[in-house]
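Have a look at the structure below before the remarks.
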Amino acid sequence: MFQVKVVRWMPDGDRLASYDSWGKLIIWRNRANVLAYELSIKTSLLFTDMQWSPCGYYLFLCGREGHVQSFSTVNGINLFSIQVEATRSDNKKAEFTCCAWNQPGTRVALGTENGEVVIIDPSGDGRLISIICVSMNKGISVQSLQWYGLVTMCNKRNGVPYESQCLSA
């Protein structure tokens with residue numbers, strides 16, 4: 001049976017992304033308030049959440065067993081598809097439950113079912129930046145993430161300054 005799992009609007013409302021139970025990601029264009037099929041991408045993995053980048057050119061998906069994937073929403077090119085090591089206490093790979101881009105698009109935060117937040121660099125092929133334990137009790141999952149506040153200049157990493165915001169889980 002076919003089921004739509006996740007639906008997200010592009011920040012400016014021009015496009016809609018839908019992900020279904022068959023692993024198909026479809027980008028729809030909003031033309032005169034009528035959705036028109038634009039792009040289809042077939043994935044072989046099960047994803048639990050997806051989010052548009054602030055600029056709307058990229059779509060980030062996170063899912064089971066620590067897998068993340070990023071696509072160009074302009075042409076459907078897979079930018080990266082990686083396994084992020086965020087392990088549970090029983091040594092199984094963590095399942096990502098949610099994801100969120102920061103406003104300048106320099107960081108993606110991923111929540112896990114075991115109470116961790118993983119922060120990666122989407123421009124650096126998904127390079128891991130940090131893993132933060134946000135839950136006081138093991139087994140309490142992170143169900144939602146939100147970046148907030150003013151965009152500020154942060155310390156240099158690898159000699160390059162970057163912009164970011166505060167994060168709540």
Side-chain angles (χ1 to χ4, degrees), residues 1-84 86 93-113 116-129 134 141-151 162-169:
M1 176 186 244
F2 169 77
Q3 294 178 333
V4 174
K5 297 287 189 180
V6 185
V7 176
R8 297 281 185 257
W9 280 102
M10 185 175 166
D12 69 1
D14 181 50
R15 292 186 176 100
L16 179 77
S18 63
Y19 173 76
D20 65 33
S21 58
W22 293 349
K24 191 185 320 180
L25 174 67
I26 300 176
I27 308 294
W28 307 87
R29 181 177 285 271
N30 185 6
R31 293 190 174 119
N33 292 325
V34 175
L35 290 176
Y37 176 85
E38 184 167 325
L39 178 68
S40 178
I41 302 165
K42 178 71 175 144
T43 63
S44 60
L45 299 161
L46 297 174
F47 291 101
T48 53
D49 195 14
M50 67 179 169
Q51 295 292 334
W52 290 87
S53 65
C55 66
Y57 294 135
Y58 309 104
L59 198 59
F60 189 90
L61 294 94
C62 67
R64 302 192 188 283
E65 298 183 355
H67 193 84
V68 297
Q69 207 161 356
S70 183
F71 293 96
S72 165
T73 60
V74 176
N75 55 18
I77 292 175
N78 184 12
L79 301 174
F80 62 84
S81 179
I82 60 171
Q83 191 80 27
V84 178
K93 292 194 179 357
E95 179 177 314
F96 291 122
T97 55
C98 56
C99 59
W101 288 79
N102 70 349
Q103 183 54 42
T106 58
R107 301 287 181 266
V108 174
L110 304 153
T112 70
E113 90 288 349
E116 292 177 335
V117 172
V118 176
I119 300 175
I120 66 170
D121 179 356
S123 63
D125 293 332
R127 182 176 42 242
L128 180 68
I129 295 173
V134 296
S141 68
V142 176
Q143 293 298 310
S144 179
L145 292 165
Q146 181 70 45
W147 293 91
Y148 66 95
L150 298 173
V151 176
Y162 65 93
E163 297 176 325
S164 194
Q165 295 172 290
C166 297
L167 178 68
S168 64

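For the numbers below, each heavy atom of this structure counts, side chains included, while hydrogens, waters and symmetry mates do not. Here the structure is a predicted model, which means the values were calculated and not measured.
- A pairwise comparison of heavy atoms in Leu110 and Cys99 identifies CD2-CB, 3.6 Å as the closest pair.
- Between the Ser144 side chain and the Cys98 main chain, no donor and acceptor come within less than 3.5 Å of each other.
- Atom-to-atom distance recorded for Ile77:CD1 and Phe71:CZ is 11.5 Å, nearest 0.5 angstrom.
- Side-chain N or O atoms of Ser70 include none that pairs as donor or acceptor with a backbone N or O of Phe80 at under 3.5 Å.
- Nearest approach of Val118 to Thr112, heavy atoms of both residues: CG2-CG2, 4.4 Å.
- Side-chain atoms of Tyr19 and Leu59, non-hydrogen and from C-beta on, never get closer than 4.5 Å to each other.
- Formation of a donor-acceptor pair under 3.5 Å by the Glu113 side chain with backbone atoms of Glu95 is found in this model.
- Atom CD1 of Ile26 is separated from atom CD of Glu38 by 12.0 Å, given to the nearest 0.5 angstrom.
- Atom CG of residue Leu39 and atom CH2 of residue Trp28 lie 11.5 Å apart, to the nearest 0.5 angstrom.
- Of all heavy-atom pairs between Gly13 and Asn30, the closest is O-ND2, 3.4 Å.
- Classified by interplanar angle (parallel below 30°, tilted 30° to 60°, perpendicular above 60°), the ring pair Phe47/His67 is tilted.
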> Step by step, would you call Val6 with Asp49 a side-chain contact (heavy atoms from CB on, under 4.5 Å)?
Replying inline: CA-CA 6 Å; Val6 185; Asp49 195 14; 4.0 Å; yes
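- In terms of modelled atom types and a separation under 3.5 Å, the side chain of Trp147 and the main chain of Ala100 share a donor-acceptor contact.
- Of all non-hydrogen atoms in Pro122 and Gly105, the two that sit nearest each other are CG-O, 3.7 Å.
- Looking only at distances, no side-chain donor or acceptor of Ser72 sits under 3.5 Å from a matching main-chain atom of Tyr58.
- Nearest heavy atom pair, residue Pro11 against residue Ser53, reads CG-O, 3.4 Å.
- Nearest heavy atom pair, residue Trp52 against residue Leu16, reads CZ2-C, 4.1 Å.
- Of the inter-residue distances, the one linking Ile27 atom CD1 with Asp14 atom CG reads 11.0 Å to the nearest 0.5 angstrom.
- How far CG of Leu25 is from CZ of Arg8: 12.0 Å, rounded to the nearest 0.5 Å.
- No donor-acceptor pair closer than 3.5 Å links the side chain of Arg107 to the backbone N or O of Asn102.
- In this structure, Ile41 CD1 and Asn75 CG are separated by 8.5 Å, a value rounded to the nearest 0.5 Å.
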